[in-house]
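For reference, the structure discussed in these notes is given below.
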Amino acid sequence: MEVMPKIPKSWNLETKPHKFCPGCGHGMVLKALGQAIDELGIQDRMVFGCDIGCSLLSWDFFNVDTVQTHHGRTTPVMVGVKRANPELIVVAYMGDGGGYAIGSQHLVNAATRDDKITVLLVNNTNYAMTGGQMAPTTMPGQKTETTPYGRDVSEAGYPMMGPEMVAAISHEGAYVARGSVAKFRRLKAYIKKALENQMAGRGFSFVEALSTCPTNWRTNAQQTWAFLEDQMTKQYPPGELKTPTGKEA
Amino acid sequence: MEKTALKYVEKEVHQGKAFFRIFPGLCKGCGLCREKCPEEAISWSEELGVYGTPTVVADPEKCIACGACEQVCPDCAIAIERKAKEKE
């Protein structure tokens with residue numbers, strides 16, 4: 001028997017190895033999403049929308065129908081797809097720059113309208129594709145290209161707490177969670193619950209995944225995990241913020 | 001996927017109870033698996049990966065086939081397979 005790598009069935013094998021940098025967290029988030037798609041068996045009725053930024057490199061990642069749109073506009077495009085054909089399962093995949101900066105109004109409005117879509121947002125604390133500039137999620141004191149002395153909260157403000165905001169404005173039936181690629185199984189469970197919430201038609205589903213960016217953080221493997229697990233999880237505590245039943249299940 | 005990606009290096013680990021397989025055509029040499037290994041069993045290998053960086057190899061003595069490296073690999077380059085128990 002031919003031995004194959006343990007790649008999710010929904011991945012497009014012809015485009016592997018994928019285009020992300022070595023050590024990029026996108027691979028892990030997309031692996032979790034791929035495994036969730038496989039386990040739910042929804043590959044044939046799924047539409048995947050990716051955003052501008054590093055997340056657009058996932059345009060040929062899956063063997064599912066894929067749309068690529070402009071900054072943060074993935075959310076309204078996917079809302080349109082879902083409204084046109086409610087049978088489809090849609091996933092809007094974006095980075096923190098697309099989702100929280102230029103596309104935040106779409107995220108806010110989709111959450112307020114309680115559209116039955118799943119938004120998967122990858123937070124790596126900078127604009128990675130353009131060279132690591134400061135993003136809304138850059139942590140206080142973190143050095144980036146545009147904050148060479150560290151982010152000064154008196155000038156640049158505080159980082160954006162996305163899931164907390166979505167949990168506050170969304171309605172009953174919404175699912176909001178924050179996972180981390182360091183806790184892979186839990187992240188996969190969150191993504192699966194978000195997809196199930198959409199399939200049940202209960203409401204808006206939002207998952208933020210804390211991710212890694214060794215290229216722009218300029219870290220080695222050890223420092224990458226340390227930054228993600230020690231510093232980022234303090235600023236952004238992972239967990240479920242809102243579940244359809246009310247409390248954490 | 002190109003045919004080169006299907007090549008793999010196999011090693012028996014965990015007292016011969018499991019296989020540690022690495023696919024050099026997928027490995028980008030990020031080293032995230034080395035840091036996540038609870039037994040510190042993974043080290044750099046002579047085999048080069050897709051970007052010409054070293055891939056990894058598991059120490060058969062230390063590896064317990066827990067699968068932590070397989071989970072965190074962003075490229076699915078590591079595959080741990082436990083052998084089925086032989087019938088007596």
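Excluded from the calculations below are hydrogen atoms, water molecules and symmetry mates; all remaining heavy atoms, backbone and side chain alike, are included. Here is how names work: the chains are called A, B, and so on, in the same order as the sequence lines, proteins then strands, and each is numbered from 1.
- Legend: residues meeting side chain to side chain donor-acceptor pair (under 3.5 Å) with A:T224, ordered by chain and number and at least two apart, are A:T219.
- You'll find the side chain of B:C30 stays beyond 4.5 Å of the side chain of A:C21, heavy atoms only.
- Atom-to-atom distance recorded for B:L26:CG and A:H18:NE2 is 8.5 Å, nearest 0.5 angstrom.
- Of the two parts of B:E70, the backbone and the side chain both hold a non-hydrogen atom closer than 4.5 Å to a non-hydrogen atom of chain A.
- Within the 4.5 Å cutoff, the side chain of A:P17 has heavy atoms near those of the B:K28 side chain.
- Note: B:C73 leads B:A68, B:C73, B:G29 in heavy-atom pairs under 4.5 Å with chain A.
- Top candidate by heavy-atom pairs under 4.5 Å with chain A, chosen from B:I78, B:I22, B:D75, is B:D75.
- Heavy-atom neighbours of A:K9 NZ from other residues, nucleotides or ligands within 6.0 Å: at or below the threshold of 12.
- Within 6.0 Å of the NZ atom in B:K36, the count of heavy atoms belonging to other residues, nucleotides or ligands exceeds 12.
- A:P22 has its side chain out of reach of B:T53: every pair of non-hydrogen atoms, C-beta onward, lies at least 4.5 Å apart.
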Dump the intermediate steps for side chain to side chain contact (heavy atoms under 4.5 Å, CB included) on B:F23 and A:V3, then the final yes or no. CA-CA 10 Å; B:F23 292 79; A:V3 176; 4.2 Å; yes
Going through the checks in order, is the side chain to side chain contact (heavy atoms under 4.5 Å, CB included) test met by B:V72 and A:W225? CA-CA 11 Å; B:V72 298; A:W225 285 124; 4.1 Å; yes
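- Between B:P74 and A:F20, the closest side-chain pair of non-hydrogen atoms is not below 4.5 Å.
- Atom CZ of A:R73 sits in a crowded spot, with more than 12 heavy atoms from other residues, nucleotides or ligands closer than 6.0 Å.
- Annotation: side chain of A:Q223 is not in contact with side chain of B:E35 (no heavy-atom distance under 4.5 Å).
- Residue A:K143 places its NZ atom among 12 or fewer non-hydrogen atoms of other residues, nucleotides or ligands, all under 6.0 Å distant.
- Between chain B and the options A:R185, A:H26, A:K6, the largest number of non-hydrogen pairs under 4.5 Å is found for A:K6.
- Taking 4.5 Å as the heavy-atom cut-off, the residues of residues 28-43 of chain A that approach chain B are A:M28, A:K31, ordered by number.
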